[in-house]
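These figures come from a predicted structure and were not determined experimentally. Numbers restart at 1 for each chain; the letters A, B, ... are given by sequence-line order, proteins then strands.
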Amino acid sequence: MPNVSMLIVLAMLTVAAGLTFIRLVKGPTLPDRVIAIDLIGVLMVCVLVVMAGLTAEAAFLDVAMVVALISFVGTVAYARYIERERS
Amino acid sequence: MIDWLSSALLLAGATLALLAGVGVLRMPDVFTRMQASTKASTLGLGCLLAGVALKNPESSFVIRAMSMAAFLLLTTAVAAHVIARAAARSGAPIWKGTLVDERPAVAADGGDSGKDRSANACCDAPPGPS
């Protein structure tokens with residue numbers, strides 16, 4: 001039963017990533033795309049966390065933490081780029 | 001019992017993530033989209049971490065999940081704030097149904113210059129010289 005729920009969770013996360021990707025392609029302004037990229041990074045971290053539970057392998061949590069850290073730094077860098085592009 | 005609880009937490013987290021995807025696609029505005037996505041990354045990922053830590057109650061899982069949740073609560077707010085400030089300063093268009101617009105830069109320009117600045121920010125800037 002828990003494995004079935006985890007597979008359902010993975011499917012839902014995939015659908016969420018697909019919807020976010022539509023916004024990434026469509027997004028009218030640059031901040032929209034940055035938000036979509038940030039959310040895709042978060043969903044990637046979610047998938048890694050669920051995979052850690054599915055395989056009972058704690059190393060996936062380390063990978064998820066590194067991905068979250070790099071996604072955060074990338075988001076801040078994109079925001080600085082948006083602010084600098086204006087001037 | 002623990003299995004059912006962790007399954008419920010995992011499904012709650014995935015539902016929040018799915019709602020964030022729908023919100024980012026359907027919301028009318030940069031700022032409303034941002035609040036939809038930020039909630040997913042705090043509460044949704046927090047629920048997923050709690051569910052995974054409940055399913056594998058070992059010290060290696062629980063310590064990593066807790067430290068990741070703490071790290072997430074710190075960084076998500078900072079990232080959302082930085083994106084919102086950048087969007088507001090670059091003159092992102094705001095939804096027509098917004099009741100209160102407290103952005104000082106747009107109000108200082110006077111009139112409905114928000115739309116003009118947004119048009120400049122989204123379409124005219126990339127082909128420009130700088």
When hydrophobic residues are tied together by side-chain contacts of less than 4.5 Å, even through go-betweens, does A:F60 share a cluster with A:M44? yes
Just so I know, are the side chains of A:V49 and B:L45 near enough to count as touching, which here means a heavy-atom distance under 4.5 Å? yes
Quick one: list whatever passes side chain to side chain donor-acceptor pair (under 3.5 Å) with B:R26, sequence neighbours left out. none
Rounded to the nearest 0.5 Å, what separation is found between the CG atom of A:L48 and the CG atom of B:L48? 11.5 Å
Option in B:G23, B:A79, B:G44 with maximal non-hydrogen atom pairs under 4.5 Å from chain A: B:A79
Correct closest heavy-atom pair for A:A58 and B:R64 would be CB-NH1, 3.0 Å
Hydrophobic cluster membership, A:V67 vs B:V52, 4.5 Å side-chain cutoff: yes
Specify the closest pair of heavy atoms between A:G53 and B:K55, including all atoms of both residues, with the distance to one decimal. O-NZ, 3.5 Å
Chain A heavy atoms under 4.5 Å from B:T38: which part of the residue, side chain, backbone, both or neither? neither
For A:R23, all residues meeting side chain to side chain donor-acceptor pair (under 3.5 Å), sequence neighbours excluded: none
Check whether B:L49 and A:V63 end up in the same hydrophobic cluster, where Ile, Leu, Val, Met, Phe, Trp and Tyr are linked by side-chain heavy atoms less than 4.5 Å apart. yes
So does B:R85 have more than 12 non-hydrogen atoms from other groups sitting under 6.0 Å from CZ? yes
At a heavy-atom separation under 4.5 Å, does A:L24 approach chain B through its side chain, its backbone, both, or neither? neither
Kindly indicate whether the side chain of B:V24, heavy atoms from C-beta on, has any atom under 4.5 Å from the side chain of A:L19. no
Is the shortest heavy-atom distance from the side chain of A:M65 to the side chain of B:S67 under 4.5 Å? yes
Could you tell me whether the side chain of A:Y78 reaches within less than 4.5 Å of the side chain of B:V82, counting heavy atoms only? no
Using heavy-atom distances under 4.5 Å, tell me whether B:F71 contacts chain A through its side chain, its backbone, both, or neither. side chain
Is it possible for you to say whether A:I82 and A:V76 belong to one hydrophobic cluster, with membership spreading through side-chain heavy-atom contacts below 4.5 Å? no
Shortest non-hydrogen separation from A:F72 to B:T75 and the atoms involved: CE1-O, 3.5 Å
Less than 4.5 Å to any heavy atom of chain B: does that hold for the side chain of A:L61, its backbone, both, or neither? both
Largest heavy-atom contact set with chain B, pairs under 4.5 Å, which of A:V42, A:D32, A:I8, A:L13: A:D32
Any side-chain heavy-atom pair of A:T75 and B:I83 under 4.5 Å: yes
Please classify the contact of B:T76 with chain A as side chain, backbone, both or neither, using a heavy-atom distance under 4.5 Å. neither
Step by step, would you call B:M34 with A:D38 a side chain to side chain contact (heavy atoms under 4.5 Å, CB included)? CA-CA 10 Å; B:M34 191 192 56; A:D38 187 39; over 6 Å; no
Assert top hit (heavy-atom pairs under 4.5 Å, partner chain B, pool A:I35, A:I22, A:V15, A:V34) equals A:I35
Single-linkage hydrophobic cluster, 4.5 Å side-chain cutoff, B:L11 and B:I2 together: no
Could you tell me the separation between the CE atom of A:M12 and the CG atom of B:L19, rounded to the nearest 0.5 Å? 8.0 Å
Closest heavy-atom contact between A:V9 and B:L10? CG2-O, 3.5 Å
From A:D62 CG over to B:S60 OG, what is the distance, rounded to the nearest 0.5 angstrom? 9.0 Å
Does any backbone or side-chain atom of A:A64 lie under 4.5 Å from a heavy atom of chain B? Answer side chain, backbone, both or neither. both
Measuring from B:L18:CG to A:T14:OG1, what's the distance to the nearest 0.5 Å? 10.5 Å
Compare every heavy atom of A:A56 with every heavy atom of B:N56, then report the nearest pair and how far apart it is. ND2-CB, 3.4 Å
With a sphere of 6.0 Å drawn around CZ of B:F61, does it hold more than 12 non-hydrogen atoms of other residues, nucleotides or ligands? yes
If I compare all heavy atoms of A:L43 with all of B:A17, which pair ends up nearest, and what's the gap? CD2-CB, 3.7 Å
